[in-house]
Amino acid sequence: MDAIGHALSIAGSMTWEVTWALILGFALSAVVQAVVHRATIVRTLGDARPRTLALSTGLGAASSSCSYAAVALARSLFRKGADFTAAMAFEIASTNLVVELGVIMALLMGWQFTAAEFVGGPLMIVVLAVLFRILLREGLLRRAREQAGRGLSGAMEGHAAMDMSVPAQGSFGRRLFSRQGFTSVSHIFVMEWAAILRDLVAGLLIAGAIAAWVPEDFWRTFFLADHPLAAKLVGPLVGPLVAIATFVCSIGNVPLAVVLWKGGISFGGVIAFIYADLLILPILNIYRKYYGARMAVFLLVTFFVSMVAAGYAVEFLFGGLGLIPDQADAEVPMEGISWNYTTWLNIAFLLLAAALLVRFWRTGGPAMLRMMGGAPETSGGAEQADRRPPDDDSLAAAQHAHWQSTYARHPVMYGNEPSEPARHAAEAFRTSGARTVLDLGAGHGRDTLYFAHQGLTVHATDFSTVALEQLTAAARQSGVADRVTTTVHDVRDPLPFPDGSVDAVFAHMLLCMALSTEQIRTAVDEIARVLRPNGLFVYTVRHTGDAHYRTGISHGDGIYEHGGFAVHFFDRELVETLAEGWRLDEVHAFEEGDLPRRLWRVSQTRR
């Protein structure tokens, strides 16, 4: 028990020593990510030219991710048309060239390690690009793209799919210090912590155990520390192997790097060890799922060689400049809590973390947190994919996460004025004698509130808890809360209302969401069930004459994704099929928005 207590004590001391630095690093990272848009990233990674690789490295560093999310995001970029080499450069940078890693390394090991990390990372990417240019064959790349198109799930897919950045309107400061900016930073901050927490705790515990239980002489012998030249040659080779064996990735491997440095591994060996978080066994298995077994082996070999090369480069570069710190000065933190600058900094930054956590909690963050490990989006060639049904669970999970994030970052994103279809529907509902209206996919409620102000009793549903919270607050503020009720509901599920219980149903652009044709038919059957006889159903959908039809990422069954939003484009045959058993009153074509979106407004009456 004493040995376990000693190990936990060391782990706890390390945790206390780095707490403020971790909060600072993740806060700075969140600020950067809040103004970097994923769509911008995809547009810039179309080839492997030096300029593109430099951009992918910079954007990767700005899009800080845990190792699992970085790997998932790189696969997503590759599927969306990014060059494979550029996607891998992005992956390396987004987990190894990030501000929080640099801060924690500087605090625990010295600024020289942070400098080496940011010098060696680009060198590693250059070596990798050269290896890809020489060794990567078109056949292997083609098979990898086909495998990626299958959409097999890895880890942190939902987290990788979320774009929580602030819209590019106004200056950097204006965006950052706006309510949306505060919300975006809080969401990114908490989600990044959630993504790395498991690995961080594991890394601290493993580091504490090794520091307490493994004699220093073992490491000195293992790393040939008493033979300086041999240690410099062996360190970068052995460092990645140790990383692979420990299963710890992301920022969690820094505490163990401290122990290894104190134990005698070379300076370059430490850097190669840090880089190898992208080669731990669970991630190698994800590479196999994403790209196939042969590409996984190819990535293992080429990544390993580039990491070793970067380790040698920083070893001899920093050694030649006299910048390698003395290993004799290395110490594993063991002091615990005392009243010093660390304690005061921890208190200050814990208060900052608490403020961000409260904001996260109050703006729909918990629902997003539940989605962060969700399955990936599906895609493939447009012609082939359009003939197959979508992967419903995977697509639904990604869309739910995306809408939650969007509503949280952009409150009242569609404004307060009702849509034109809602104005038309309100008049039609009054003419039909309707008193109760079911507003499906109500979002933040601009149309719901309009119906209520027209004297109708409205029940609003949406699968976004964030949107419905905004709707409820707006109903209270505008004095119509007594005529509005809300229910969290996914249209894929049966409606939670009795048969014949509503007079009219309205659905603005709900049925053209990421729903399969079968799910749409089932939803319309449910709408018929809850409508009274002669009840009116008014809905709008984007149709196949829209400019986005057959462009973007195809999910099959007429569903295409643009900017994270998936749309099922209707043809006239589908409209007429959905009207079977109804009286089809009107199909009206209209346009909306800047593209413009091309839609049909359909009115049909239950027989």
Between Y287 and N285, is any pair of side-chain heavy atoms under 4.5 Å apart?
no
Between the side chain of Q399 and the main-chain N/O of A514, is any donor-acceptor distance below 3.5 Å?
no
If you look at every heavy atom in V484 and T448, which pair is closest and at what distance?
CG1-CG2, 3.9 Å
Is the shortest side-chain N to carboxylate O distance from E417 to R423 below 4.0 Å?
yes
Grab the two heavy atoms, one from V587 and one from V575, that are nearest each other, plus how far apart they are.
CG2-CG1, 4.1 Å
Applying salt bridge (Lys or Arg N to Asp or Glu O under 4.0 Å) to E146 and R143, what does each step give before you reach the verdict?
CA-CA 5 Å; E146 291 171 354; R143 288 190 292 272; over 6 Å; no
State plainly whether the residues R572 and E576 are in salt-bridge range, i.e. N to O under 4.0 Å.
yes
Within the side chain of D462, is there an N or O that forms a donor-acceptor pair under 3.5 Å with the backbone of G443?
yes
Under 6.0 Å from the six-membered ring centre of F570 and within 45° of its axis: does the NZ or CZ of R542 meet both?
no
Look at the side chain of R288 and the backbone N and O of A296, then say whether any donor-acceptor pair between them is shorter than 3.5 Å.
no
Give me the ring orientation class for H459 and F497: parallel if the planes are under 30° apart, tilted from 30 to 60°, perpendicular past 60°.
perpendicular
Inspect the contact between R532 and D503 and indicate whether a charged nitrogen and a carboxylate oxygen are less than 4.0 angstrom apart.
yes
Any donor and acceptor pair, going by atom type alone, linking the side chain of H568 with main-chain N or O of L515 inside 3.5 Å?
yes
Has H489 got a side-chain atom pairing as donor or acceptor with P494's backbone, closer than 3.5 angstrom?
yes
Regarding R359 and S186, is there a side-chain donor-to-acceptor distance under 3.5 Å anywhere?
no
State which residue, out of R601, H508, H424, fulfils the side chain to side chain donor-acceptor pair (under 3.5 Å) condition with T540.
H508
Quick one: closest heavy-atom pair of F182 and L356, and the distance?
CE1-CD2, 3.6 Å
The reported gap from NE2 in H444 to OG1 in T472 (rounded to nearest 0.5 angstrom) is 13.5 Å
Can you tell me how far apart CZ (F84) and CD (E91) are? Round to the nearest 0.5 Å.
8.0 Å
Ring-ring centroid check Y549 Y560, cutoff 6.0 Å
yes
Find the distance between OG (S516) and CG (D557) and round it off to the nearest 0.5 Å.
6.0 Å
Please confirm whether W403 and F565 have ring centers closer than 6.0 angstrom.
yes
d(L449 CG, L471 CG) to nearest 0.5 Å is 5.5 Å
Hey, is the main chain of A422 close enough, under 3.5 Å, to the side chain of D447 for a donor-acceptor pair?
no
Has R606 got a side-chain atom pairing as donor or acceptor with G535's backbone, closer than 3.5 angstrom?
no
With heavy-atom distances below 4.5 Å as the criterion, would you say the side chains of V530 and L438 are in contact?
yes
Once rounded to the nearest 0.5 Å, what's the spacing between atom CG of L495 and atom CD of E526?
5.0 Å
Atom pair CG (L284) and CD1 (I286), whose distance is rounded to the nearest 0.5 Å
9.5 Å
Is any side-chain heavy atom of I520 closer than 4.5 Å to a side-chain heavy atom of T522?
no
Distance-only, no hydrogens or angles: does the Q147 side chain make a donor-acceptor pair with backbone N or O of K289 under 3.5 Å?
yes
Looking at R145 and F78, would you say the former's side chain and the latter's main chain have a donor-acceptor pair under 3.5 Å?
yes
Main-chain N/O of A86 paired with D83 side-chain donor or acceptor, under 3.5 Å:
yes
So, Q604 and R583: side-chain donor and acceptor under 3.5 Å apart, yes or no?
no
Could you tell me how the ring of F451 sits relative to the ring of F429: parallel (under 30°), tilted (30 to 60°) or perpendicular (over 60°)?
tilted
Please check if atom CG in N416 has more than 12 non-hydrogen atoms from other residues, nucleotides or ligands closer than 6.0 Å.
no
